[in-house]
Amino acid sequence: MSPTALDVGDRLLGAWTLIEWSELQPGKPKAFPLGEDAIGHIYTADGHVAAQLARCERRAFPSEDWRDAGKDDAAHAFKDYFGYFGIFSIDTERQIVTHHVEGSWFPNLEGKDQERHYRFENGLLVLDADTDWGTVRIVWRKVLAS
């Protein structure tokens, strides 16, 4: 019996921590856009998605006020972080979760949908996306309440 969107939604809801964010391109080695030790979180329990991923040990700004960042600091911060938020919907037939982006660090994503092929594997959530530059894979482990 095929799982329903409600069943999949129940499994998706909650806090997840990033295990891997990689890009797979034909004929090239696996790449890690934010490093092999990137950190991040995703899905909230109320049905919203907040994908937040960052390179570990990012370079700090000289000032405690982000508005004082110079162009070089801002450029580094932009390339060491990936994030957007919105709501999500589930297509169980195609095994796709769609993130309907409301706001993003990258303005070009706003108002657009991000489709992710999902699967649950050995206690992990694996999301794959086909992009113009190859397949993006993001692997998450659910954070268990203490």
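Computed over heavy atoms, backbone and side chain alike; hydrogens, waters and symmetry mates excluded. All residue numbers refer to positions in the sequence shown, counting from 1.
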> Which heavy atom of A77 sits nearest to which heavy atom of R58, and what is that distance?
O-NH2, 3.1 Å
> Is there a path of hydrophobic side-chain contacts, each under 4.5 Å between heavy atoms of I, L, V, M, F, W or Y residues, that connects V136 with I96?
no
> Using the salt bridge (charged side-chain N to carboxylate O under 4.0 Å, His left out) criterion, which residues pair with R141? Sequence neighbours excluded.
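If we apply the salt bridge (charged side-chain N to carboxylate O under 4.0 Å, His left out) test to R141, skipping adjacent residues, there are no hits.
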> Test your reading of the model: is there a side-chain donor-acceptor pair from W133 to the backbone of Q25, 3.5 Å cut-off?
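No; judged by distance alone, with no hydrogens or angles, the pair does not exist.
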> Output all residues satisfying salt bridge (charged side-chain N to carboxylate O under 4.0 Å, His left out) with D72, sequence neighbours left out; order by chain, then residue number.
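For D72, the residues satisfying salt bridge (charged side-chain N to carboxylate O under 4.0 Å, His left out) (neighbours in sequence not counted) are R59.
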> Residues in side-chain contact (heavy atoms from CB on, under 4.5 Å) with A69, at least two apart?
F61, D73
> Just to verify, what does K30 make a salt bridge (charged side-chain N to carboxylate O under 4.0 Å, His left out) with, not counting sequence neighbours?
E20
> Taking a hydrophobic cluster as the set of Ile, Leu, Val, Met, Phe, Trp and Tyr residues connected by side-chain heavy atoms closer than 4.5 Å, whether directly or through intermediates, do F78 and L109 fall within one such cluster?
yes
> A side-chain contact here means heavy atoms from C-beta on lying under 4.5 Å apart; do H100 and I87 qualify?
yes
> Rounded to the nearest 0.5 Å, what separates atom CH2 in W21 from atom CH2 in W140?
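Going from CH2 on W21 over to CH2 on W140, the span is 9.5 Å.
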> Let me confirm one number: the CG-CD distance from D37 to E57, rounded to the nearest 0.5 Å.
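Answer for the CG-CD pair, D37 versus E57, is 7.0 Å.
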> Identify the two heavy atoms, one from L53 and one from L18, that lie closest to each other, and give their separation to 0.1 Å.
CD2-CD2, 3.8 Å
> Please name the pair of heavy atoms, one in R116 and one in A129, separated by the smallest distance, quoted to 0.1 Å.
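In this case the closest contact between R116 and A129 is NH1-CB, 3.3 Å.
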> Would you compute the distance between atom OH of Y118 and atom OG1 of T92 and round it to the nearest 0.5 angstrom?
5.5 Å
> Without swapping roles, check the side chain of T98 against the backbone of I90 for a donor-acceptor pair under 3.5 Å.
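Not a single qualifying donor-acceptor pair exists.
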> Sequence neighbours left out, cut at 3.5 Å: what donor-acceptor pairs do the side chains of residues 119-126 make with other protein atoms?
from, atom 1, to, atom 2, distance (Å)
R119, NE, E121, OE1, 2.9
R119, NH1, D128, OD2, 3.0

> How are the rings of H99 and F88 set to each other: parallel, tilted or perpendicular (split at 30° and 60°)?
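The rings of H99 and F88 stand perpendicular, inter-plane angle above 60°.
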> Got a second to check how far E36's CD is from R55's CZ, nearest 0.5 Å?
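So the gap between those two atoms works out to 11.0 Å.
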> Kindly determine whether E115 and D91 satisfy side chain to side chain contact (heavy atoms under 4.5 Å, CB included), including the steps that lead there.
CA-CA 10 Å; E115 285 192 348; D91 181 336; over 6 Å; no
> Between T131 and G134 (side chain of the first, backbone of the second, donor and acceptor by atom type, cut-off under 3.5 Å), is there such a pair?
yes
> Could you list the residues that satisfy side-chain contact (heavy atoms from CB on, under 4.5 Å) with N108, not counting sequence neighbours?
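Listed in chain order: F106.
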> Cluster question for you: counting only ILVMFWY and a side-chain heavy-atom cut-off of under 4.5 Å, with indirect links fine, are V139 and V97 together?
no
> Counting N and O atoms only, with roles assigned by atom type, does the side chain of E23 sit under 3.5 Å from a partner on the main chain of A31, one being a donor and the other an acceptor?
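Such a contact is absent between E23 side chain and A31 backbone.
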